[in-house]
There are 2 protein chains.
Amino acid sequence: MDRRDIFPRALQYLIAIAEQGSYTRAAETLHVSQPTLSQQIKQLEDYLQSPLLDRSGRTVQLTDAGKIYVRHARRAWGELNTGTRAIHDVKNLSRGSLRLGWTPITDYLTCSLLANYNSRYPGITLSTLDMPQDEIESAISEARVDIGITFSKPTGPEELSGPTETFTLFEEALYLAVGRVHPRAKRRKRMSAQEFGMESLVQLNTDFALRHHIDRYCHDHAIEPHNAIETNSLTVIIEMVELGLLATVLPSTIINTQSGLYAIEVSPELPHHTVSLIWNKSGYKSPACLAFLELASDWSSHLLQEKRIQ
Amino acid sequence: MDRRDIFPRALQYLIAIAEQGSYTRAAETLHVSQPTLSQQIKQLEDYLQSPLLDRSGRTVQLTDAGKIYVRHARRAWGELNTGTRAIHDVKNLSRGSLRLGWTPITDYLTCSLLANYNSRYPGITLSTLDMPQDEIESAISEARVDIGITFSKPTGPEELSGPTETFTLFEEALYLAVGRVHPRAKRRKRMSAQEFGMESLVQLNTDFALRHHIDRYCHDHAIEPHNAIETNSLTVIIEMVELGLLATVLPSTIINTQSGLYAIEVSPELPHHTVSLIWNKSGYKSPACLAFLELASDWSSHLLQEKRIQ
DNA sequence: TTAAACCCATAGGAGTTAACTATGGATCGA
DNA sequence: TCGATCCATAGTTAACTCCTATGGGTTTAA
């Protein structure tokens, strides 16, 4: 009898005896002695307060109670075996789950990463939770999400004080974005910080890191653009910019994917901002999580390579 | 921790820890020491070759693998508990099965017993297997049926050589049965053995004990009735007798239930025959089986009482 | 009918397993 | 940084499982 089996021996014995119709033969196939089976079955019958096997005849038969109990015992055994297999599936990344926390605007930038991950590990359930920048970190530390995707401070991936680790996915420049009817849409020449300060903007609200980067830039350059609209919806921003005279600040990636938006370079350069992954350094990282981090690393370096080629 | 549980302790521990989010609290509710849990979980993780619990945080959390495995473990536990309850159902006679072996003609006599049993224990699956008299005994000893209903030898419930036990349900007299157009149907006076020997009969074939009883009677009284038809179907016998000039020998119970049949007493009396239950003395008797025997005993004594009242 | 063969139950002893107590190391809050 | 809390480890004891040896009962064959 293999020691390496969590399922109760007495039940395995019962099932084997029922199959073989004999204690002696079951003992042989199980590689235990026959008295072991006698004893174990006795204990089992004692526990269930009911005879399970009829030893009176030529062959050992299940009693009514035995028939019924064996059926359930088999199912229970099957459950545990299935559970064991499922665990190995998790390690093979054919099952599992991964919870990402990110700010709404991030999906423009990283959904190709998600698509990549999903196509490679289709069994993993991906869930993304929209949350403000601030909440991502606490969600990480409370293990409500496995990995966060954040806009980190423009100075780069500083070491955060918390028990988290970060990895810079990519860094990109910010530009002023204007719609077709905006005066500056015609001649998209570089503008100065002072000119930028004269614009009327539709901006993300202060929940968002991107907004903080911009505010910092304005403060640093002693300018104060007019914030005509604040919103937490990127869609609103894009629509407002496309339709009217308002401008906004967005990463080039987003501007370029929207046909109605035009990027205008500001000088001195608007802050670069970096998109980073953030996760718990000390906590348990599921296989699904580790696989994501690895894939993200690959994806990030490919991205760099493409930029160099451009 | 209650020793009286077949379900693997390590899994109960795992489930408890997952519920409580803490080894210490789980140990308290389980009434075991905390190191016991540490050790058991360690072994379980070792066996599954996968961490199940994440102890890094403030509260202990299931890992992906742990979540999956716990789900299966719960189901397995549920199965075994269900199995235990099902056994008690069997003992309560709210479940179970009973296989009766009998000869086709017996149902005229004992179906009220069956109906009684079924109404009292509706959860028991009753199955009746038609088989020749000879086969009933072997079916009993081979445990293909639980209880047989037989026509025993007219001398009464002799002790049979085999490992079987019998119980006489009732005893009844045999009569010559004739149809409406039979010459003897008009004046149903007693007839002699010699007169009986002149009859043309439709009889059961020699598979049936009843036939043997009649043959023995004829042999003892040196008479030889003409067997016009032999059959194994009681229906054929009754129809042939009702329609024609043939007679037969049947127990009074059957004759009286058939409006087209008339009973004629023979002198000296045709053998009484007894309807008996037969079952395995030494073998396992299911609760359903024991309940049937008990009910049959009651039913039999009520029958005797009714006869006395008549 | 008796002897041999077969099968399951019982008894007692050896090895393994699971429980406990005591203690160490790590983490979280104050 | 200290105290509190929590899980892990070590060592010991109790319990359990398994084994061998043997007995009782039934079946088969001579």
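Every chain is numbered from 1, with letters handed out A, B, ... down the list of sequences. Side chains included, hydrogens not; waters and symmetry mates left out as well; all remaining heavy atoms used. Predicted model only: the values in this text are computed from it and were never measured.
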Please list, in numerical order, the residues of residues 16-26 of chain A that have a heavy atom closer than 4.0 Å to any atom of DNA chain D. none
Parallel, tilted or perpendicular: which fits the ring planes of A:His213 and A:His273, with parallel below 30° and perpendicular above 60°? perpendicular
Does A:Gln34 make a side-chain N or O approach to OP1 or OP2 of D:dC18 shorter than 4.0 Å? no
Taking A:Ala296's backbone N and O only, do any of them form a donor-acceptor pair with A:Ser300's side chain (distance below 3.5 Å, no angle check)? no
Contacts of A:Lys42 and B:Ser33 projected onto DNA chain C by closest heavy atom; the upstream (5') one is A:Lys42
Heavy atoms of A:Tyr23 and A:Leu37 approach each other most closely as O-CD1, 3.3 Å
Would you say B:Gln40 places a side-chain N or O within less than 4.0 Å of OP1 or OP2 belonging to C:dA19? yes
Nearest-Å distance for atom pair CD/C1', residues B:Glu45 and D:dA8: 12 Å
Whole-Å distance, B:Leu44 CG to D:dC7 C1', equals 17 Å
Does D:dC6 have OP1 or OP2 sitting under 4.0 Å from an N or O in the side chain of B:Arg55? no
Quick one: is C:dA19 close enough that its OP1 or OP2 comes under 4.0 Å of any side-chain N or O from B:Arg9? yes
Starting at CD1 of B:Ile6 and ending at P of D:dC16, how long is that distance when rounded to a whole Å? 13 Å
Do side-chain atoms of A:Lys91 reach the backbone of B:Gln49 as a donor and acceptor pair under 3.5 angstrom? yes
OP1 or OP2 of C:dA18 versus the side-chain N and O atoms of B:Thr36: is any pair under 4.0 Å? no
Output yes when a side-chain donor or acceptor of B:Asp146 lies under 3.5 Å from a complementary backbone atom of B:Cys289, and no otherwise. no
In whole Å, what is the span from the CD atom of A:Gln61 to the P atom of C:dC8? 12 Å
Under a 4.0 Å N-O cut-off, is there an ion pair linking A:Glu19 with A:Arg74? yes
Euclidean distance, atom OH of residue A:Tyr47 to atom P of D:dC16 [Å, nearest integer]: 15 Å
Could you tell me whether B:Glu45 and B:Arg55 make a salt bridge, using a distance below 4.0 angstrom between a side-chain N and a carboxylate O? yes
Using whole Å, what does the distance between atom C1' of nucleotide C:dC6 and atom CD of A:Glu28 come to? 12 Å
Does D:dC7 have OP1 or OP2 under 4.0 Å away from a side-chain N or O of B:Tyr13? no
State, to the nearest 10°, the angle formed by the axis through the first five base pairs of the helix from C:dT1-D:dA30 to C:dA30-D:dT1 and the axis through its last five. 30°
Round to a whole Å and report the spacing from CG of A:Leu53 to P of C:dC8. 10 Å
Measuring to OP1 and OP2 of D:dT9, would you say a side-chain N or O of B:Gln39 lies under 4.0 angstrom away? no
Looking at every non-hydrogen atom in both residues, tell me the closest pair between B:Ser50 and B:Ala65 and how far apart they are. OG-CB, 3.4 Å
For B:Tyr117 and B:Phe292, take the angle between the two ring planes, folded into 0 to 90°, and tell me which bin it lands in: parallel under 30, tilted 30 to 60, perpendicular over 60. perpendicular
Would A:Arg211 and A:Asp215 count as a salt bridge (charged side-chain N to carboxylate O under 4.0 Å, His left out) if you check the C-alpha gap in whole Å, the side-chain angles of each, and the deciding distance to 0.1 Å? CA-CA 6 Å; A:Arg211 168 65 180 275; A:Asp215 286 352; 3.1 Å; yes
Rounded distance (Å) that lies between atom P of C:dA18 and atom CG of B:Asp46: 12 Å
